[in-house]
Amino acid sequence: MKPKSISAATRPRVGKWLVTGPPLAYLLLFFAIPSLIMVLASFRTPGEFGGLAPLFEEGRLDLNLDSYVRFFSESIYAQIFAKSVWYALATTLFCLALAYPLAALIAKSGRRYRDLLLLLVILPFWSNFLIRVYAWMIIFGPNAALARTVNGVLAWFGHEPVPLLFSSFAVLVCLVYVHLPFMVLPLYANLEKHDQALLDAAQDLGANAWQRFWRITFPLSLPGVYAGAALVFIPALGIFAIPDILGGPEDSLIGNVIKQQFLETRDWPFGSVLSIVLTIAALFLAGLAACVARGNLGTPSSVKAARA
Amino acid sequence: MRKRSAGLWVAAAAGYAFLYVPLFIVIVYSFNNSRLNAEWVGFTLDWYDKLFHNQDMLAAAGNSLLIALTASAVSTVLGTMAGVALYRYKARLLQILVLAPIAIPEILMGVSLLIFFVMLNFTLGLISVALAHITFCIGFVAIVVRARLTGMDETLTEAARDCGASPWNAFRYITLPLIMPGVIAGALMAFTLSIDDFVITFFTAGAGTVTLPLQIYSMIKIAVTPEVNAVSSLLMLLTLALIIIASKVSPSLLRSD
């Protein structure tokens with residue numbers, strides 16, 4: 001009797017581990033352990049020919065804070081980090097400005113068109129990332145219509161011609177382009193749930209279109225705005241390919257410096273320090289967005305209370 | 001009221017134009033009879049012809065296909081398991097490990113896997129790229145499968161168990177057929193993500209291995225040529241076909257609610 005009941009109790013647990021085990025083991029091996037190795041690498045000394053110096057040398061364990069000291073003592077890295085935050089912030093704001101009318105239109109449109117309009121926002125996101133960057137290389141190209149028009153107008157005012165390609169402007173436009181769908185989706189998901197009766201009531205009480213937007217729609221949409229901001233800001237912070245392809249030398253962001261440390265300078269400990277700082281920044285912002293969004297969930301109920 | 005809608009329409013139309021004009025330009029210039037991507041000269045299929053005779057490009061396409069097939073096959077199995085585990089057992093550690101690779105900037109996974117493979121003396125190449133791709137594809141498959149399970153009647157599986165089916169048979173004959181659309185959609189998603197991936201491949205491929213995105217990258221770093229437009233247009237066509245198949249199999253994948 002007893003052995004049987006034990007096996008009956010353990011069987012679901014066996015099933016659980018059969019299902020959970022393989023993906024868990026894979027992700028531990030190829031995600032968690034590499035991440036921990038990178039943390040360890042940040043405390044080590046760069047090797048003579050790149051990579052890492054041996055962990056044990058002359059019986060001593062090689063762990064130090066040199067790379068962290070370097071990060072905090074050379075102001076150039078803090079500056080590049082600040083510049084990356086600035087670019088990511090600008091990207092987030094421009095995405096918000098472009099995404100809001102798109103999301104509002106989709107949320108307002110009838111059932112028949114809603115799926116199609118939403119699909120049209122997602123579709124470009126599924127095309128290859130490099131193709132989307134390359135498209136802007138063509139548009140901003142020195143011989144393309146845009147550059148000729150802009151420089152024609154500038155020449156008319158007696159201004160020197162400006163290159164559009166390899167500029168901060170090109171980097172920023174492409175950053176916005178690549179991340180736009182990430183802002184539209186959460187914003188739409190939020191706007192779609194809004195109660196039209198609130199807007200009607202505000203209109204009856206004499207609120208104009210701007211007041212209705214600014215005092216009702218926008219505050220209620222804040223959870224969607226925060227979610228979208230996190231989805232845009234975090235990947236934009238770590239980007240390296242866009243400044244690499246469309247930017248000039250002064251557009252180098254933290255992602256470019258990390259790439260350089262790992263593939264060109266081959267200073268792995270310092271590259272790891274930069275990666276860890278980037279991870280902490282990303283996790284901190286994701287956590288912040290989650291907290292703020294949760295705090296704002298109270299808003300609809302407070303509106304409901306105000307209505308009652 | 002109507003005036004306000006018109007303003008919204010104009011702003012949204014500008015948004016859609018912003019999304020589509022660049023891709024449209026890439027496609028149009030792939031048929032342009034000029035080396036410069038600057039103005040329309042005349043229609044030609046030369047760039048496609050050149051493309052199919054470019055040995056480097058064909059080799060890169062072969063590598064991409066091989067990696068994408070391997071990565072999507074393995075990640076579909078592991079991702080489906082993860083999706084079921086997340087739904088049934090609410091496994092917390094697994095949830096963090098499934099979502100983290102999607103949430104953090106891609107470059108971080110790329111460099112940490114680079115250190116990992118080099119420290120293990122693992123030769124960088126097709127296998128290391130496939131292993132890396134599986135890591136980020138698992139999460140996407142798991143999310144799609146879990147979403148499918150959420151809309152499912154779990155009592156069906158319990159009924160099968162009550163009628164004496166073994167856990168495996170209950171899964172094989174009841175749960176799996178029901179979640180199959182989600183599994184297929186997840187597999188197609190994993191395939192697309194793998195064939196399109198640039199950042200993680202960039203760090204884990206090593207010097208000798210070239211995939212399609214890496215080939216495109218090295219070409220556009222040197223010069224803008226319409227051959228890149230041609231390969232881009234074909235890649236877009238492939239992705240579009242995969243999305244259409246995925247949406248036919250699992251309509252909920254593209255539905256707004």
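Note that the structure is a prediction, hence the values are computed from the model and not measured.
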J.: Check each atom of L120(A) against the heavy atoms of chain B and say whether the ones under 4.5 Å are side chain, backbone, both or neither.
T.: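 Both the backbone and the side chain of L120(A) come within 4.5 Å of chain B.
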J.: Heavy-atom distances under 4.5 Å only: say whether F198(B) touches chain A with side chain, backbone, both or neither.
T.: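 Answer is side chain: those atoms of F198(B) sit under 4.5 Å from chain A.
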J.: Aromatic rings F116(B) and F30(A): how do their planes relate, parallel, tilted or perpendicular, breaks at 30° and 60°?
T.: perpendicular
J.: Which pair of heavy atoms, one from L102(A) and one from Y16(B), lies closest together, and at what distance?
T.: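 Nearest pair, atom of L102(A) first, then Y16(B): CD2-CE1, 3.4 Å.
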J.: Who are the side-chain contact (heavy atoms from CB on, under 4.5 Å) partners of A104(A), not counting sequence neighbours?
T.: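 Partners of A104(A) by the side-chain contact (heavy atoms from CB on, under 4.5 Å) criterion, ordered by chain and then number, come out as L191(A), L8(B).
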J.: If I measure from the heavy atoms of chain A, does L23(B) come under 4.5 Å with its side chain, its backbone, both, or neither?
T.: both
J.: Is atom CD1 of I127(B) surrounded by more than 12 heavy atoms (other residues, nucleotides or ligands) closer than 6.0 Å?
T.: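 Count not over threshold, so no.
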J.: Counting only non-hydrogen atoms closer than 4.5 Å, does N229(B) touch chain A with its backbone (N, CA, C, O), its side chain (CB onward), both, or neither?
T.: both
J.: Heavy-atom cut-off 4.5 Å, strictly under: side chain, backbone, both or neither for I139(A) against chain B?
T.: side chain
J.: I need the T20(A) OG1 to R88(B) CZ distance, nearest 0.5 Å.
T.: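 One finds 10.5 Å between OG1 of T20(A) and CZ of R88(B).
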J.: Identify which part of L235(B) has an atom lying under 4.5 Å from any heavy atom of chain A, answering side chain, backbone, both or neither.
T.: side chain
J.: In terms of heavy-atom proximity below 4.5 Å to chain B, should F240(A) be classed as side chain, backbone, both, or neither?
T.: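 Interface part for F240(A): side chain.
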J.: Using non-hydrogen atoms and a 4.5 Å limit, figure out which bit of V39(A) sits close to chain B: side chain, backbone, both or neither.
T.: neither
J.: Quick one: of P101(B), A91(B), S75(B), who has the most non-hydrogen atom pairs under 4.5 Å with chain A?
T.: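 So the answer, after comparing P101(B), A91(B), S75(B), is P101(B).
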J.: I need the residue from L238(B), L108(B), V21(B) with the largest number of non-hydrogen atom pairs under 4.5 Å to chain A.
T.: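 Between L238(B), L108(B), V21(B), the count favours L108(B).
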J.: Out of T239(B), V111(B), V98(B), which one racks up the most heavy-atom pairs below 4.5 Å with chain A?
T.: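 Top count of heavy-atom pairs under 4.5 Å with chain A: V111(B).
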J.: With a 4.5 angstrom heavy-atom cut-off, is it the side chain or the backbone of L94(B) that approaches chain A, or both, or neither?
T.: both
J.: Using non-hydrogen atoms only, which part of T192(B) is less than 4.5 Å away from chain A: side chain, backbone, both, or neither?
T.: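 The answer is the side chain of T192(B).
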J.: Got L240(B) and L123(A) here, is their nearest side-chain heavy-atom distance under 4.5 Å?
T.: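 SC-SC contact between L240(B) and L123(A) confirmed.
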J.: Between S232(B), A142(B), A11(B), which residue shows the highest count of heavy-atom pairs closer than 4.5 Å to chain A?
T.: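 Of S232(B), A142(B), A11(B), S232(B) has the most heavy-atom pairs under 4.5 Å with chain A.
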J.: Of all heavy-atom pairs between Y134(A) and V26(B), which one has the smallest distance, and what is that distance?
T.: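 Between these two residues, the closest heavy atoms are CD2-CG2, 4.4 Å.
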J.: Which atoms of L117(A) are under 4.5 Å from chain B, going by heavy atoms: the side chain, the backbone, both sets, or neither?
T.: both
J.: Against chain A, label F136(B) side chain, backbone, both or neither, depending on which of its atoms sit under 4.5 Å from a heavy atom there.
T.: neither
J.: Drop me the distance from L27(A)'s CG to I134(B)'s CD1, to the nearest 0.5 angstrom.
T.: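 Those atoms lie 10.5 Å apart.
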J.: Measuring heavy-atom distances to chain B, does L180(A) have an atom under 4.5 Å in its side chain, in its backbone, in both, or in neither?
T.: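 Answer is side chain: those atoms of L180(A) sit under 4.5 Å from chain B.
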J.: Restricting to side-chain contact (heavy atoms from CB on, under 4.5 Å), what partner residues turn up for L99(B), sequence neighbours left out?
T.: Q95(B), I143(B)
J.: Is the shortest side-chain heavy-atom distance between P105(B) and I234(A) below 4.5 Å?
T.: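 Side-chain contact under 4.5 Å: yes.
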J.: Does any backbone or side-chain atom of V184(A) lie under 4.5 Å from a heavy atom of chain B? Answer side chain, backbone, both or neither.
T.: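 Neither part.
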J.: Under 4.5 Å, counting heavy-atom pairs only, tell me which of I216(B), L78(B), V77(B) racks up the most with chain A.
T.: L78(B)
J.: Tell me which of these, L24(A), T279(A), L18(A), I138(A), has more heavy-atom pairs under 4.5 Å with chain B than the rest.
T.: I138(A)
J.: Please tell me whether W136(A) and F18(B) form a close aromatic pair, meaning their ring centres lie under 6.0 Å apart.
T.: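 Yes; F18(B) has its ring centre under 6.0 Å from that of W136(A).
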J.: Please classify the contact of S272(A) with chain B as side chain, backbone, both or neither, using a heavy-atom distance under 4.5 Å.
T.: side chain
J.: How long is the span from the CZ atom in R132(A) to the CG atom in L19(B), to the nearest 0.5 Å?
T.: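 Atom-to-atom, R132(A):CZ and L19(B):CG are 10.0 Å apart.
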J.: What part of F24(B) gets closer than 4.5 Å to chain A, counting heavy atoms only: side chain, backbone, both or neither?
T.: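 F24(B) has no heavy atom closer than 4.5 Å to chain A.
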J.: Which bit of Y29(B) comes within less than 4.5 Å of chain A, counting heavy atoms only: side chain, backbone, both or neither?
T.: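 Contact with chain A is through the side chain of Y29(B) alone.
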J.: Given that the side chain runs from C-beta out, which part of L29(A) has a heavy atom under 4.5 Å from chain B: side chain, backbone, both or neither?
T.: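 Both parts, backbone and side chain.
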J.: Just give me the residue among V118(B), L120(B), L212(B) that pairs up with chain A most often, heavy atom to heavy atom, under 4.5 Å.
T.: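 The residue among V118(B), L120(B), L212(B) with the greatest pair count is V118(B).
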J.: How close do I220(B) and M137(A) get, counting heavy atoms only, and between which atoms?
T.: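 Distance-wise, the nearest heavy atoms are O-CE, 3.3 Å.
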J.: Answer yes or no: are there more than 12 heavy-atom neighbours, outside F94(A) itself, under 6.0 Å from its atom CZ?
T.: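 No, CZ of F94(A) has 12 or fewer neighbouring heavy atoms, counting only those of other groups under 6.0 Å.
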J.: Measure the spacing between CE of M119(B) and CD1 of I37(A) and express it to the nearest 0.5 Å.
T.: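 Rounded to the nearest 0.5 Å, the CE-CD1 separation comes to 5.0 Å.
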J.: What part of I107(B) is in contact with chain A, defined as an atom under 4.5 angstrom from a non-hydrogen atom: side chain, backbone, both or neither?
T.: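 For I107(B), the contact with chain A is made by the side chain alone.
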J.: CD1/I104(B) to CG/L278(A) distance, rounded to the nearest 0.5 angstrom?
T.: 8.5 Å
J.: Given that the side chain runs from C-beta out, which part of L98(A) has a heavy atom under 4.5 Å from chain B: side chain, backbone, both or neither?
T.: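 Contact with chain B: side chain only.
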J.: Side chain, backbone, both or neither: which part of A100(B) has a non-hydrogen atom closer than 4.5 Å to chain A?
T.: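 Answer is both: backbone and side chain atoms of A100(B) are under 4.5 Å from chain A.
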J.: Which answer fits A82(B), side chain, backbone, both or neither, if we ask what part of it has an atom under 4.5 Å from a heavy atom of chain A?
T.: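 Backbone plus side chain of A82(B), per the 4.5 Å heavy-atom cut-off to chain A.
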J.: By a 4.5 Å heavy-atom criterion (distance strictly below it), what part of L28(A) contacts chain B: side chain, backbone, both, or neither?
T.: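 Both parts, backbone and side chain.
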J.: Do you know which two heavy atoms are closest between Y89(B) and V19(A), and how far apart they sit?
T.: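 Minimum heavy-atom contact is CE1-CB, 4.3 Å.
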J.: Please determine whether side chain to side chain contact (heavy atoms under 4.5 Å, CB included) holds for the pair F129(A) and D197(B), giving the CA-CA distance in whole Å, both sets of side-chain angles, and the decisive distance to 0.1 Å.
T.: CA-CA 8 Å; F129(A) 169 73; D197(B) 179 73; over 6 Å; no
J.: Look up atom CG in L231(A) and atom CD1 in I102(B), then write down how far apart they are to the nearest 0.5 Å.
T.: 11.5 Å
